[in-house]
There are 2 protein chains.
Amino acid sequence: MPLDPVLSRIDDDLPAALDRLMALLRIPSISTDPAFKSECDKAADWLVEDLASLGVNAEKRPTPGHPMVVGHVDGDGPHVLFYGHYDVQPVDPLELWDRDPFDPAIEETAKGKVIRGRGSSDDKGQLMTFVEACRTWKAEHGTLPCRITFFFEGEEESGSPSLIPFLKENADELKADIALICDTGLFESRVPSIMTQLRGLLGEEITLTGPDKDLHSGMFGGAAQNPIRVLTRVLGNLHDDDGRVQVPGFYDGVPELPAAIKEQWDALNFDHSGFLGDVSLSEPAGETGRTPLEMIWSRPTAEINGIIGGYTGDGFKTVLPSKASAKVSFRLVGQQDPHAIRDSFRAWVKGQLPPDVEVDFAPHGASPASQMETTHPAFEQARGALGAEWGHEAAFTGCGGSIPVAGYFKSILGMDSMLVGWGKDDDQIHSPNEKYDLESFHKGIRSWARILDAIA
Amino acid sequence: MPLDPVLSRIDDDLPAALDRLMALLRIPSISTDPAFKSECDKAADWLVEDLASLGVNAEKRPTPGHPMVVGHVDGDGPHVLFYGHYDVQPVDPLELWDRDPFDPAIEETAKGKVIRGRGSSDDKGQLMTFVEACRTWKAEHGTLPCRITFFFEGEEESGSPSLIPFLKENADELKADIALICDTGLFESRVPSIMTQLRGLLGEEITLTGPDKDLHSGMFGGAAQNPIRVLTRVLGNLHDDDGRVQVPGFYDGVPELPAAIKEQWDALNFDHSGFLGDVSLSEPAGETGRTPLEMIWSRPTAEINGIIGGYTGDGFKTVLPSKASAKVSFRLVGQQDPHAIRDSFRAWVKGQLPPDVEVDFAPHGASPASQMETTHPAFEQARGALGAEWGHEAAFTGCGGSIPVAGYFKSILGMDSMLVGWGKDDDQIHSPNEKYDLESFHKGIRSWARILDAIA
């Protein structure tokens, strides 16, 4: 089935595609706020109806939280699952918005036309690029290019509490040859990128207890254990002078970057000083001898995300507190085992405690890194398709954060994922005045048409 | 003038002395709460009137805060200044009191009779032991045993904001041969003690700033400076493995304990394990090779009294904060110079900061240690008098905390102080159900009569 007429029809149908996106954006499907529960339901209904108009057998599937939308359409060739999410972030602080976040509009800006409104980029706009590509394909050829399962979640912005059980209960139905996930962006807002490695995340909260009550440092200072002192001493040892994490075994399973990937990353000419300069920093703070891009995409970290103990109000109190605590998180790469690292971290902390100091640990998540199987033919097919659309060779990139769904697809369904998306760095997702470039939407639809064509 | 009839008369007059104390305790002179301003004034008026009844030329002296009470009475022999404070701590939480804190009463307890009420121990009860000793002396002999200046403060529990300017403005009037301060207690509730060394106090708040805004650890973790990491690393170096403070020059001016004092302290048979066991600790945490008593009374410390940074609420946020801060305090001894230590600490912190991390310091107080001139004859005179009253040799003791007024008397008026008092460890000062043992009040009055007799 020829691609060119599909691309032309996408160009012609853009105004109608925009109208449909606007209708979806008008539904305030904020998943984290119970007041918007029925709006989430409405967004799911809207998607079911829209998929049905493409000939997709779609339905809303209940969960203890907001519903999933699942749809199937048969076809020849490989079976792909497409994932996106229809829920959006809250809009506070509302006064910082220049318009009603749920009354979207096309605005002219110095950088071109943008679609302004909550969810325009994250993730309704992105999600609809795939749906519109399918719609046009169907309109042009009467059928879709391959077998497709549509899977839309309504809880991504509120921690995906129903996702794991839903995947487990519906594993057979949802497993495809590959998952396509559209919730990422262009590298530096211009280079099409396929995210092939995402860091995992392990969280630990540690609480140290010394004396059984807060003490006065005049009465006890010098003689009694001070848990803040112990906590700073322990956590001050977390890294060595070269920025390497000192928890034993931490680097087990950390791979060196393959030469081919390193070459691609070097070719991106990442603006390291601009990246740091944007937040008033001038030098990378991680492991000696690594570039910031390498640090963020391919190296594991240990960070202290919060610490508290003693008197923290105005003025001064000479208290020796009974307790002090910290939240520590680890970004993981390669084959690092979050559970082994948790055990090792706990033993390492305990090994440093003086007499009379007790420790409690509270776990907060433990997800391994995701490394995509770039040997799957879809990856090189997609690279070619993206290069043709954007006029710039596409890159396999990394991600410093986690996109847990990709990990769950792998661990629960045994399915690889390919993450591509059209977001730009200035889309202000999760912030006031979220936007999605018209270019992202238009070329995003065309990109999906090309990718589907290449895969099929 | 013979002492024995004075002591007998004190015993006989005890009920009347208690009635007077009760009247003073009924005035809710909480200095820190502006709602009680007129009550503080009332307590000052009550004292002026009471002193006048002893033939003391007393008056209420205004300050920008609560008034001072100053009274003079002439006499032969040395000139002593007596200091106490008439203001009291707030009473919250009120529901933990077994009676109205300002409706005092004599209660029978398993350990004997106590005077229950806010201020009974700290400091109205203590203050009145001296006044009652003077009253009885006057009643018996028609005159006081020596020249006395009475000086009562009304802002001790709220940081003494007016004290330094008042001492400076009235230096000539207030300077005496020695100050007697009654705001301390018996050692282990039984051994009469003269506090001869008090630690000084230096406070510093340090705030580190890394990136100019909070960052997401997925996006920046590993590449951007995290001020919490830097703060724990710096403060984790505050002590070496032997518990010694690592700030350069910190131990300049720290004396070893004189053998005679060490002998007295050893003779006290301090219950070190009970002291730590009361707060669920088992081992002293300070410098290796020092006893807890030595650590608290005679060794300097560095403590972290508060620390905060990043996300400290429930759950987890993978934030890299822009700022982290800590409150650090130093207890000082001997000739340690708080200003030199502040400078050295700041330089020591700055010397450990990586690029891109800025530090702000906020000072909180800088008072040197107070070392009393125990060669003044009043000290041995008082020791003898106290031994006679309490049936236990009196000891020269130390204090881990600060009693700033003694330092100000020395630095502003060039006057030495002698600190004696009759409080017990279970008086619950600053807490609900404050009490003062009837024994403390009765023997306290007798002790002052003996001390005045010995000094005069």
Side-chain angles (χ1 to χ4, degrees), chain A residues 199 201 203 210-213 215-226 228-229 232-233 235-239 276 279-286 292 295-296 299 301 303-312 315-320 324 327 329 331 354-356 364-365 400-402, chain B residues 199 201 203 210-213 215-226 228-229 232-233 235-239 276 279-286 292 295-296 299 301 303-312 315-320 324 327 329 331 354-356 364-365 400-402:
Chain A
R199 293 194 293 190
L201 183 60
D212 64 4
K213 55 181 78 71
L215 306 177
H216 187 280
S217 82
M219 184 68 179
F220 284 93
Q225 285 292 358
N226 176 346
I228 306 180
R229 262 176 65 179
T232 59
R233 204 167 161 82
L235 295 181
N237 287 332
L238 197 52
H239 300 82
L276 292 174
V279 293
S280 298
L281 299 175
S282 66
E283 295 195 22
M295 290 173 184
I296 292 164
R299 299 301 299 175
T301 68
E303 291 290 353
I304 308 163
N305 304 112
I307 191 166
I308 190 165
Y311 179 71
T312 58
F316 220 90
K317 281 192 190 172
T318 51
V319 64
L320 297 186
K327 297 179 202 282
S329 68
R331 297 277 174 184
D356 294 332
H364 285 278
S402 304
Chain B
R199 294 195 291 191
L201 182 60
D212 65 5
K213 57 180 76 72
L215 305 178
H216 187 281
S217 82
M219 183 69 179
F220 284 94
Q225 285 293 356
N226 175 346
I228 306 180
R229 263 176 64 180
T232 60
R233 204 168 161 83
L235 295 182
N237 287 332
L238 198 51
H239 302 80
L276 292 174
V279 293
S280 297
L281 299 175
S282 65
E283 295 194 22
M295 290 172 184
I296 293 165
R299 299 298 302 175
T301 68
E303 292 290 354
I304 308 163
N305 303 113
I307 192 166
I308 190 165
Y311 180 71
T312 58
F316 220 90
K317 281 191 190 172
T318 51
V319 62
L320 297 186
K327 297 179 202 280
S329 68
R331 296 279 174 183
D356 295 331
H364 285 277
S402 305

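A note on names: the letters A, B, ... follow the listed sequences, proteins ahead of strands, and every chain is numbered from 1.
The distance from the CG atom of A:Leu320 to the CD atom of B:Glu303 is 5.0 Å, given to the nearest 0.5 Å. Taken to the nearest 0.5 Å, the CG atom of B:Asn226 stands 10.0 Å off from the CG atom of A:Leu238. Atom CG of A:Asn237 sits about 9.0 Å away from atom OG1 of B:Thr232, to the nearest 0.5 Å. A distance of 13.0 Å separates CD of B:Gln225 from OG of A:Ser280, quoted to the nearest 0.5 Å.
When all heavy atoms of A:Asn305 and B:Val319 are compared, the pair lying nearest together is ND2-O, 2.8 Å. Contact between B:Ala285 and A:Arg229 at its shortest, heavy atoms only, is O-NH2, 4.3 Å. The two residues B:Gly218 and A:Ile296 have their closest heavy-atom pair at O-CG2, 3.9 Å. The heavy-atom pair separating A:Pro355 from B:Glu283 by the smallest distance is CG-OE1, 3.6 Å. Annotation for A:Lys327 and B:Tyr311: closest pair CE-O, 3.3 Å, computed over non-hydrogen atoms. Closest approach of A:Ala223 and B:Leu276 over heavy atoms only: O-CD2, 3.9 Å.
Both the backbone and the side chain of A:His239 come within contact range of chain B, with heavy atoms under 4.5 Å apart. The part of A:Thr301 that comes within reach of chain B is its side chain, from C-beta onward, which places non-hydrogen atoms under 4.5 angstrom from that chain. Within the 4.5 angstrom heavy-atom criterion, atoms from both the backbone and the side chain of A:Ile228 approach chain B.
Put simply, of A:Gly309, A:Gly401, A:Gly365, the one with the most heavy-atom pairs under 4.5 Å next to chain B is A:Gly309. Comparing A:Ala324, A:Gly286, A:Gly306, A:Gly210 by how many heavy-atom pairs each has under 4.5 Å with chain B, the most go to A:Gly306. Ranked by non-hydrogen atom pairs under 4.5 Å with chain B, the options A:His216, A:Arg299, A:Met295, A:His364 are led by A:His364. Top candidate by heavy-atom pairs under 4.5 Å with chain A, chosen from B:Gly221, B:Pro354, B:Pro284, is B:Gly221. Ranked by heavy-atom pairs shorter than 4.5 Å toward chain B, the options A:Ala224, A:Gly203, A:Ser217 are led by A:Ser217. Considering only heavy-atom pairs separated by less than 4.5 Å from chain B, the leading option among A:Ile307, A:Leu215, A:Ile308 is A:Ile307. Considering only heavy-atom pairs separated by less than 4.5 Å from chain A, the leading option among B:Asp212, B:Thr312, B:Leu235 is B:Asp212.
Counting heavy atoms from C-beta on, the side chains of B:Lys213 and A:Val279 come closer than 4.5 Å.
For B:Leu201, the side chain to side chain contact (heavy atoms under 4.5 Å, CB included) partners at least two apart in sequence or on another chain are A:Thr318, B:Ser329, B:Arg331, B:Ser367, B:Ser402.
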